[in-house]
Novice: 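Just dropping this structure here.
Residue numbering restarts at 1 for every chain, and letters A, B, ... go by the order of the sequence lines.
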There are 2 protein chains.
Amino acid sequence: MSLSFKQKRFLDFIRRHTLIHGQSPSYEEIMAGLGFGSLGTVNWYVRVLTERRHLYRTKGPNGKRALTLTEQEHATPATLPLLGLIAAGYPIEALENAESIDVPAPLVHPDNFVLKVKGDSMIEEQIEDGDYIIVRKNPTAKPGQIVVALINGEATLKYYYPTDTGVELHPRNPDYPVIHVHKSDDFSINGILLYSFREY
Amino acid sequence: MSLSFKQKRFLDFIRRHTLIHGQSPSYEEIMAGLGFGSLGTVNWYVRVLTERRHLYRTKGPNGKRALTLTEQEHATPATLPLLGLIAAGYPIEALENAESIDVPAPLVHPDNFVLKVKGDSMIEEQIEDGDYIIVRKNPTAKPGQIVVALINGEATLKYYYPTDTGVELHPRNPDYPVIHVHKSDDFSINGILLYSFREY
DNA sequence: ATACTTACGAGTAACTTACGAGTATTTGGA
DNA sequence: TCCAAATACTCGTAAGTTACTCGTAAGTAT
């Protein structure tokens, strides 16, 4: 879902023009400003960037000078870093170039981050390949919360229930077994599950 | 809902006139002040700006020198209205007091809205009770998009594939049957599925 | 009466969209 | 490693819409 260099340049031009002139540029102005030779080129950019929801018109289709950046409220970027890939039963796989993901503003918090679900290992939790989960980094949890836990290095997503003797991890789907964590296990809570989403 | 350059200029004129002269300008004064050749032009601005809620009359319609600015209110929150409840096989149930739901900023758009999923009827689509879906209102779709469709009044969430003879609706899960829509069916597309999420 | 506001009808310039076709650049395999 | 295919980008022009304009006449409140 990332943009090419030229596409970024295109969006930048609109942002700057809108800022400086108080209204969106017309196709002709964009054409001149970016050195294109044809309106068709401008239209091509508008079409693909609209489809990808980086642009929209404030006044419905064919509204004049109505091109607006979706990213406008990026002034306070409501994004969280995508820190890694998670698949049940495997270690969490870190991503180097922490890309940012748009999320609802109330979820923006320094301790929150996003993981992308890899594979269908969590299908029984109604979470499938390609979904995203938002996690609050926290080494502890309250009983009944869903946690991202690591058992002997393997990630899992389960309800957390501490007991006298150790910890029980319950699946969302009651058809699957409860996991009993023993003292001999290497157990840690990575964080608490706050939200999950899927883009279509 | 942004204004054109000329529309801003029109509002500015009213603001300044009201400030300086202590009363709103008459149509003639606006005409002279902005260099129009006709009252019709002034009236055109008043009409569209009133429709868009940037102007109103303090004394009801046809009140003289009563043009007043609706000074800009909103600090655009990144929310969408929750318009109803959806369950596969049932009509969409409208909610009266449209509450607002926080969503990622890029999804904020006048044509987008949120539906809450009721019951487990969409479980095979990996969408369960209590999930939310974000839909872009649109009466048509491109092949391959996931649509919220109504067949004989019943809602469903399916991949959309038009054919020569009608429309095919494919489920996300291939274990479930493809629906063939016939001409005799009352079929309409409510919108296009953009995003789904779940709070924990 | 006077001082305004509303209601047509119609025109034009400013823009946006649609279409058709061609050239670069990346990507996925054999 | 090299080709084929997809994707990204470019051009020109014509047609379609919208924002804005005019003029005039009829309506409404003091």
Novice: Can you check whether A:Tyr45 has a side-chain N or O nearer than 4.0 Å to OP1 or OP2 of D:dT10?
Specialist: yes
Novice: Can you tell me how far P of C:dC15 sits from CZ of A:Arg65, to the nearest Å?
Specialist: 4 Å
Novice: Let me know the distance between CZ of B:Phe5 and P of C:dA13, rounded to the nearest Å.
Specialist: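 Checked: the CZ to P distance equals 21 Å.
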Novice: I need the minimum non-hydrogen distance between A:Asp185 and A:His180, along with the two atoms involved.
Specialist: OD2-O, 4.2 Å
Novice: Would the distance check show the side chain of B:Asn152 and the main-chain N or O of B:Asp186 forming a donor-acceptor pair, the cut-off being under 3.5 Å?
Specialist: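 Yes; judged by distance alone, with no hydrogens or angles, the pair exists.
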Novice: Of the options D:dC20, D:dC22, D:dC9, whose atoms approach the side-chain atoms of B:Gln7 most closely?
Specialist: D:dC20
Novice: Round to the nearest Å and state the distance from A:Trp44 atom CH2 to C:dT23 atom C1'.
Specialist: 13 Å
Novice: Quickly work out the B:Ile30 CD1 to D:dC22 C1' distance and round it to whole Å.
Specialist: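 That distance rounds to 17 Å.
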Novice: How about B:Phe36 and B:Tyr45: are their ring centroids closer than 6.0 Å?
Specialist: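 Yes - the distance between ring centres of B:Phe36 and B:Tyr45 falls below the 6.0 Å cut-off.
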Novice: Under 4.0 Å between a side-chain N/O of A:Thr41 and OP1 or OP2 of D:dC11, yes or no?
Specialist: yes
Novice: Could you tell me how far apart A:Glu51 (CD) and D:dC9 (P) are, to the nearest whole angstrom?
Specialist: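 It works out to 13 Å between those atoms.
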Novice: Name the closest nucleotide to the B:Ser38 side chain, picking from D:dC9, C:dT17, D:dG23.
Specialist: D:dG23
Novice: Starting from the 5' end of DNA chain C, give me the residue, B:Pro25 or A:Gly40, whose nearest nucleotide shows up first.
Specialist: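 The answer here is B:Pro25.
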Novice: Between A:Lys64 (NZ) and C:dA14 (C1'), how many Å, whole number?
Specialist: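 Value for this atom pair: 5 Å.
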Novice: May I ask you to verify if any side-chain N or O of A:Lys6 is less than 4.0 angstrom from the OP1 or OP2 atom of D:dT10?
Specialist: yes
Novice: Run B:Arg198 and B:Tyr200 through side-chain hydrogen bond (donor to acceptor under 3.5 Å, both in side chains) and show every step you take.
Specialist: CA-CA 7 Å; B:Arg198 176 146 74 226; B:Tyr200 294 89; 3.0 Å; yes
Novice: Calculate the interatomic distance between B:Arg9 atom CZ and D:dA19 atom P; express it in whole Å.
Specialist: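 It works out to 17 Å between those atoms.
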Novice: For a quick check under 3.5 Å, do A:Ser4 and A:Lys6 share a side-chain donor-acceptor pair by atom type?
Specialist: no
Novice: Are any of B:Ser26's side-chain N or O atoms less than 4.0 Å away from OP1 or OP2 of C:dA3?
Specialist: no
Novice: For D:dT18, take OP1 and OP2 only and decide whether either is under 4.0 Å from a side-chain N or O of A:Arg57.
Specialist: no
Novice: In whole Å, I'd like the distance from the CG atom of A:Leu39 to the P atom of D:dC9.
Specialist: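 To the nearest whole Å, that distance equals 18 Å.
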Novice: Take A:Glu29 and A:Arg47, find for each the nucleotide of DNA chain C with the closest heavy atom, and name the residue whose nucleotide sits nearer the 5' end.
Specialist: A:Glu29
